[in-house]
Every structure is written in C-alpha cells, then in structure tokens.
Amino acid sequence: MLNLITAEEMRKADAYTCEHSELSTIDLMEQAANAFTEIFVNHISPQRHITVIAGTGNNGGDGLAIARLLRMKGYHNIKVICMNGFTTESEDFRINKERLVALKISFETVSTPEQLPQNFDVVIDAVLGSGLNRDLSNFLKTSFEHINQNSNYTVSVDIPSGCSTDRFTFEDYCGIKADLTICFQRPKLLFTLPESTVATKSFKFTSIGLDENYLLAIPTDYYWTDQQTVQGLLHKRKAFTHKGTYGHALIISGNAQTKGAALLTAKAALFSGVGLVTLLTESAYFPYVNVYQPELMTANKEDLKILDYSKYQSVAIGPGMGSNTEQRDQLLFLLQQKRPMVLDADALNMLTTDLLKQYILHPAVLTPHVKEFDRLFGAHTCWYNRIQTARIQAKELQCVIVLKNQYTYIINEVGKVFINSTGNPAMAQGGMGDILTGCISAFLARGYSAFNAAVIGCFVHGKAGDELAERYEVTPASILAEHLPLTLRSLLTDRIMTN
Ligand SMILES: NC(=O)C1=CN([C@@H]2O[C@H](COP(=O)(O)OP(=O)(O)OC[C@H]3O[C@@H](n4cnc5c(N)ncnc54)[C@H](O)[C@@H]3O)[C@@H](O)[C@H]2O)[C@@H](O)CC1
Ligand SMILES: Nc1ncnc2c1ncn2[C@@H]1O[C@H](COP(=O)(O)OP(=O)(O)O)[C@@H](O)[C@H]1O
Ligand SMILES: [K+]
C-alpha cells in the first residue's frame, strides 16, 4: 500500500531526503526530470513540436531540465517559453536555465498573454506545481485559457498549473487542462475524483527517489492499493486441499427479467476460485443454470427460509434481485442469518441506514455505485464529500464500503480509504458490477476478511479488465469472468518469481 500525502508533507520528504543522503535539491530535480522523461517518451514521438511552458519556481526548474533531457534523447523540435515576472527565480531554476542555455535550446520569456504563440503541438506545462498558494493573476488565467484552446496535447509536470493538491473542488477552475499529468512519487487523491478530468484527463505517477522509509511512516487516511500488496494477501492453493478447503458461496440474485445477473455473479465466484457455488433461484431456471455453467449448484428460492445457512461461508445478495415486498422480507430474513455478506444492487436499494444499523451485525461488504450510494446515504454534489460520508458510514455501521468508480474507493471499518488502482473504461458495460460481487463473495468464502476480500476482489477484477483491454476495445462481463483464473495465476506466479 502506498500512503497518499499532502503537498506540505511531500516538501518535508524532499528536504529530509536531501538532509539524509548525498543528494542535493538540484540532484533531486534531475531525478524528477529523468523520471518524467522516461514516461513522456512512451507517449510522444521525437517528431512532435514540443513547447515547454515554464514558471520560475521549482516546477519551472523541472520543465527546463526536462527540455534538456528530451533534446539529448533526440527531440529536436523543442523550445522553452518562460512566463516572466510573476514570481522570483528559485536557485535550482537558475541552475537549470544555465544548463539549458549551454545546450543552445531556444529560451524566450513572455510578459503578456499576447506574446504567446498562436498554436502549440505538444505543451509541457511546468508553470506552477505544488507551490501554488494563491489565486491566479489575470495574466496567468488568460495565458492558461489561450494554451488550453490552442494546444493539441498537454502534459503537466507534477500537477496541472493552477490546480491545488489539497483542494478538492473544481468550481471555476481556470488552470491548465492537461491530457496527461505525470506526478511525482505518489498518486494524488485529487486525480482519482471523476470531476478532476477538468484539470487532467489521465495521470501517471513515478518515483523520483525520495526516502521511502520516511514517506511510509507519514500517517494518512488514504492509501493506493498496488499489486505488491495484493500479491502479499493472496494465498496459493495448497497440496492435498479439496473443494471444502476453499469455501462455499451462496448467491441470491436474479429474477425473471435479470437471470443473467445471477449467472454472471455465480460464474465470477466460481472463476475466482471458491470451492463450491450455490445459486438460489426459481426452480424453473435450474435447466438454464446447468446448461450455462454446469459446475454451479442450485437451491430453490421457495426454500429460502429453511436452508441451513451455516454451510455457506459467504452470502452475496442483490444483483438483479428485484425489490418488491416479498424480496424485502427475504432480505431482512437473510441479514438475520449473520453470515459474511456482500450486499449489492437491489439489496442496497431495499435498505435504509436505519435498517443497516439494525441488521448489519456480521462481516459485510456493501458495493454501491454512485446512484445506490446517494440513495442510501444522501445526495452529494462532489466525490470528495461522498468519500467523507462513506468514511463516516463505514465506521458507524462497522462494515466495508466499496464505492465503485474508475478508481474504486474501499473504505474499512475505521474509515480509512484504499483506492483501487486497476480497471479501465473498456469495463464500462452492464453486468460488470455483478462480476465484482461474485469475486468479493468468493474471496470472503475462501476465508479472507471482509476488507481483504474487498481489496483483492477489486484489484483482481480491474486487473483482469486491464489485461483484456490490451486486446479488446470492450470487455463484456462474461468474458472478464472467464479471464479471472488467468489473472490470479499471473499474480501468484509473479510473486514466486520476485520474492
Ligand atoms: N519532492 C518534491 O516536492 C519535489 C518537487 N519538485 C518540483 O517542485 C515543485 C514545487 O516547486 P515550488 O515549491 O518552487 O513551487 P512552484 O514551482 O509550484 O511555484 C513557484 C512559486 O510560485 C509562487 N506562486 C504560488 N501560487 C502562485 C500564483 N497563483 N500566482 C503566482 N505565483 C504563485 C509561490 O511563491 C511558489 O513558491 C513541484 O510541483 C515539483 O514540480 C521537484 O523539482 C523535485 C522534488
Ligand atoms: N471506466 C471504468 N474504469 C474502471 N472500472 C470501471 C469503469 N467502468 C466500470 N468499471 C467497474 O465496473 C463495475 C461496474 O459496476 P456497476 O455500476 O454496479 O455495474 P452493473 O450494475 O452494470 O453490474 C465497477 O466495479 C466499476 O469499478
Ligand atoms: K505544472
């Protein structure tokens, strides 16, 4: 897990690294520029015309160093435009300016927006970074507007200029609008919020060599779940084990119009490695289930109240279930069985916070998408506030909330937020949430805690999607389910190779 930190903490980490190593601040700037450049060259070809627009602080210093490194890598159409006079020159900016001039790279300064070129091919935005501490002047606002309108592609250094690391609203945003931001050492929480696309459409982060032991000791409420963490949590199947070792998941899902949701959820549980899966549904559907996926077992919906729930290590309820009085009554009955549970879709639509408080007295994972979340916990106008509500509710209900998004937020029982780092828009298709519910219920049945099941389930689900997106423009949910065993294998094999 990577702990996400504030701009101020990052500055301290910067100073600490320099004090406790041979590195000086100018060396660190060079490392940052190198790290940026390594990613940049994978996105932009040397034939493109590149304009570095720089300020005169350390973000500007990075920009100048990047221009020099790119020239040395064969980017010959490169020039630097320095926005003059809005702040004083930092020492490391000054040193990089000398290095740039020595290479005879074009360097000009502008003092009014009118002096900027009419058009840009690729812009590297290095005007302002994490040092932003006041409103933008009219000079900067007008210049940024001009750049936004006339650049084919903009890559920001560390953060789009004018965007503040620790402020989470984008009303009246008038900074640089980047296509890509390459930020340093840690992802920024801000970039995982859907509304941040007004400032950057995408982001990547890269290590610049700050002291990781120092960084990891900084307390935070926000974490980034990386592959290494998930590999550390996942257990490999052991010799002499049998189906009973890997748990039994019960899936309660689907109705006449949405039988598919039940099939997808159950299939995903099966392909996530649980020992046995039983699908509770109407007996009329049993033949479909058997033809679609013969490994699945079935239980009759009529028997819901006479089943022995102690034999199921997890119960997933909700996808395509419907929400009439009968189903609500069934849901409340199921909640009283106090088995480890995943509550999704219609199960969430039938509940209220009062009912949750009354009935959630066992390990539970709630997997709302934004609409389900807001119906249950109240409307929100921005994602940052929605996350804060999720933190309060997860603590109060003592459950895990999986708030689904491109970057899904997993909130544990003490209100800490773990941001899932996998997944992509090729997964934006109906049924994908059913697969996630199946995955999490499988890991729950296999004996992982509610929180670990949610972390592993989200990561594996998104990683399967990422692997498929390399070959497919869109990944239908059933195809993703079938890919899960391959993803699990790659995670476990990697661990054996690297540990
Ligand atoms: N660990 C780190 O934090 C590292 C940071 N580096 C770079 O340094 C950047 C931060 O550099 P600085 O602290 O010099 O700050 P910036 O370069 O972001 O800004 C320069 C100065 O502009 C002034 N300013 C702030 N808001 C303004 C506004 N609205 N209008 C006009 N002027 C304004 C401030 O006085 C600020 O110090 C990072 O974003 C990153 O690019 C890297 O060089 C290396 C390591
Ligand atoms: N653009 C995206 N990037 C990453 N993950 C996505 C994207 N779109 C959808 N997903 C994932 O797919 C799932 C969709 O869930 P949900 O909205 O409940 O779908 P459905 O109700 O159709 O089953 C979530 O896990 C979400 O994170
Ligand atoms: K910037």
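What's counted below: heavy atoms across the whole structure, side chains too, no hydrogens, waters or symmetry copies. By convention here, the first residue in the shown sequence is residue 1.
Under the rule for a salt bridge (Lys or Arg N to Asp or Glu O under 4.0 Å), Asp27 has no partner lying at least two apart in sequence or in another chain. Not counting sequence neighbours, the partners of Arg386 by the salt bridge (Lys or Arg N to Asp or Glu O under 4.0 Å) test are Asp374. His362 meets the ring pair (Phe, Tyr, Trp, His ring centres under 6.0 Å) test with no other residue; sequence neighbours excluded. Here Arg237 pairs with nothing under the salt bridge (Lys or Arg N to Asp or Glu O under 4.0 Å) rule; sequence neighbours left out. Residues satisfying the side chain to side chain donor-acceptor pair (under 3.5 Å) criterion with Thr367, sequence neighbours excluded, are Asp344. For Asp221, the salt bridge (Lys or Arg N to Asp or Glu O under 4.0 Å) partners two or more places apart in sequence, or in a different chain, are Arg391, Lys416. Looking at residues two or more places apart in sequence or on another chain, you find a ring pair (Phe, Tyr, Trp, His ring centres under 6.0 Å) between His20 and Tyr16. Residues meeting the side-chain contact (heavy atoms from CB on, under 4.5 Å) test with Leu376, sequence neighbours left out: Leu348, Leu351, Leu356. Qualifying ring pair (Phe, Tyr, Trp, His ring centres under 6.0 Å) partners for Tyr222, counting only residues two or more places apart in sequence or in other chains: none. Judged as a ring pair (Phe, Tyr, Trp, His ring centres under 6.0 Å), and not counting sequence neighbours, the contacts of Phe168 are Tyr384.
Side chains of Phe40 and Leu180 form no contact here, defined as non-hydrogen atoms less than 4.5 Å apart. By the 4.5 Å heavy-atom criterion applied to side chains, Ile387 and Val417 are counted as neighbours. Counting heavy atoms from C-beta on, the side chains of Leu468 and Ile479 come closer than 4.5 Å. With a 4.5 Å cut-off on side-chain heavy atoms, Phe36 and Ser156 do not count as touching. You'll find the side chain of Thr225 stays beyond 4.5 Å of the side chain of Ile419, heavy atoms only. With contacts defined as side-chain heavy-atom distances shorter than 4.5 Å, the pair Asp179/Ser202 does not qualify. Using a 4.5 Å cut-off on side-chain heavy atoms (C-beta onward), Ile411 and Val402 make no contact. Here the side chains of Ile159 and Leu190 are in contact, with some heavy-atom distance below 4.5 Å.
Contact record, Leu216 with Met1: CD2-O, 4.0 Å, taken as the closest heavy-atom pair. Pro368 and Phe373 make their closest contact through CB-N, 3.6 Å (heavy atoms, listed as atom of the first residue, atom of the second, distance). Of all heavy-atom pairs spanning Asp466 and Asn424, the tightest one is OD1-ND2, 2.8 Å. Here the closest non-hydrogen pair linking Ala442 and Ala269 is CB-O, 3.4 Å. Here the shortest heavy-atom pairing between Tyr173 and Ser161 reads OH-O, 3.8 Å. Pairing each heavy atom of Ser441 with each of Ile251, the nearest pair is OG-CD1, 3.8 Å.
Between Glu467 and Lys463 there is a salt bridge, since a side-chain N of the basic residue sits under 4.0 Å from a carboxylate O of the acidic one. A salt bridge between Asp434 and Lys267 is absent, with no side-chain N of the basic residue lying under 4.0 Å from a carboxylate O of the acidic one. Between Lys395 and Glu413 there is no salt bridge, since no side-chain nitrogen of the basic residue lies less than 4.0 Å from a carboxylate oxygen of the acidic one. Note on Arg94 versus Glu91: salt bridge recorded, some NZ/NE/NH1/NH2 to OD/OE distance being below 4.0 Å.
Aromatic ring centres of Tyr153 and His43 lie farther apart than the 6.0 Å criterion allows.
When atom types are taken as modelled, the side chain of Thr6 and the backbone of Glu9 share a donor-acceptor pair closer than 3.5 angstrom. The main-chain N or O of Thr408 is never found under 3.5 Å from a side-chain atom of Asn405 such that the two would form a donor-acceptor pair. Checked by atom type and distance alone, the side chain of Asn150 pairs as donor or acceptor with a backbone atom of His146 at under 3.5 Å. Using modelled atom types, no side-chain atom of Thr200 and backbone atom of Ser196 make a donor-acceptor pair closer than 3.5 Å. Side chain of Asn148 to backbone of Phe144: a donor-acceptor contact under 3.5 angstrom is found. A donor-acceptor pair is defined here as one N or O able to donate and one able to accept, closer than 3.5 Å; no such pair exists between the side chain of Tyr409 and the backbone of Ala390.
Here Leu343 contributes atom CG and Asn349 contributes atom CG; the two are 11.5 Å apart, rounded to the nearest 0.5 Å. Ile208 CD1 to Leu23 CG: the interatomic distance, rounded to the nearest 0.5 Å, is 10.0 Å. To the nearest 0.5 Å, atom NZ of residue Lys404 and atom CG of residue Asn420 are 12.5 Å apart. One finds the CG atom of Asp121 at 4.0 Å from the CZ atom of Arg48 (value rounded to the nearest 0.5 Å). Remark: Ile147 CD1 to Thr51 OG1 distance equals 9.5 Å, nearest 0.5 Å. Note that CG of Leu488 and CG of Leu484 are 6.5 Å apart. Values are rounded to the nearest 0.5 Å.
In this model, no donor atom of one side chain and acceptor atom of the other lie less than 3.5 Å apart for Thr17 and Asp211. Between the side chains of Asp125 and Thr154, no donor N or O sits under 3.5 Å from an acceptor N or O. Residues Ser45 and Tyr75 have side chains that never bring a donor and an acceptor to within less than 3.5 angstrom of each other.
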Cut-off 3.5 Å, no hydrogens considered: what does the side-chain donor-acceptor table look like for residues 60-73, sequence neighbours left out?
from  : atom 1 : to    : atom 2 : distance (Å)
Arg68 : NH1    : Glu30 : OE2    : 2.9
Arg68 : NH2    : Glu30 : OE1    : 2.8
Arg68 : NH2    : Asn96 : OD1    : 2.7

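Residue pairs satisfying the ring-ring contact (aromatic ring centres under 6.0 Å, His included) criterion with at least one member in residues 451-476, sequence neighbours excluded, are listed as follows: Phe418-Phe451.
The aromatic rings of Phe203 and Phe191 sit tilted, their planes meeting at an angle between 30° and 60°.
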Just do the side-chain hydrogen bond (donor to acceptor under 3.5 Å, both in side chains) check on Thr229 and Asp226 with the steps written out, would you?
CA-CA 6 Å; Thr229 309; Asp226 53 3; 2.3 Å; yes

Kindly determine whether Glu8 and Arg11 satisfy salt bridge (Lys or Arg N to Asp or Glu O under 4.0 Å), including the steps that lead there.
CA-CA 5 Å; Glu8 180 55 29; Arg11 247 188 298 283; 3.5 Å; yes

Derivation and outcome, salt bridge (Lys or Arg N to Asp or Glu O under 4.0 Å), residues Lys188 and Asp158
CA-CA 9 Å; Lys188 298 189 201 299; Asp158 200 27; 3.2 Å; yes

Tell me, with the steps shown, if His235 and Tyr448 meet ring-ring contact (aromatic ring centres under 6.0 Å, His included).
CA-CA 10 Å; His235 310 306; Tyr448 294 94; 5.0 Å; yes

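Taking a 6.0 Å sphere around CG of Asn42, one finds it holds more than 12 heavy atoms contributed by other residues, nucleotides or ligands.
In summary, of the residues considered (Arg186, Gln228, Gln185), a side chain to side chain contact (heavy atoms under 4.5 Å, CB included) with Leu2 occurs for Arg186 alone.
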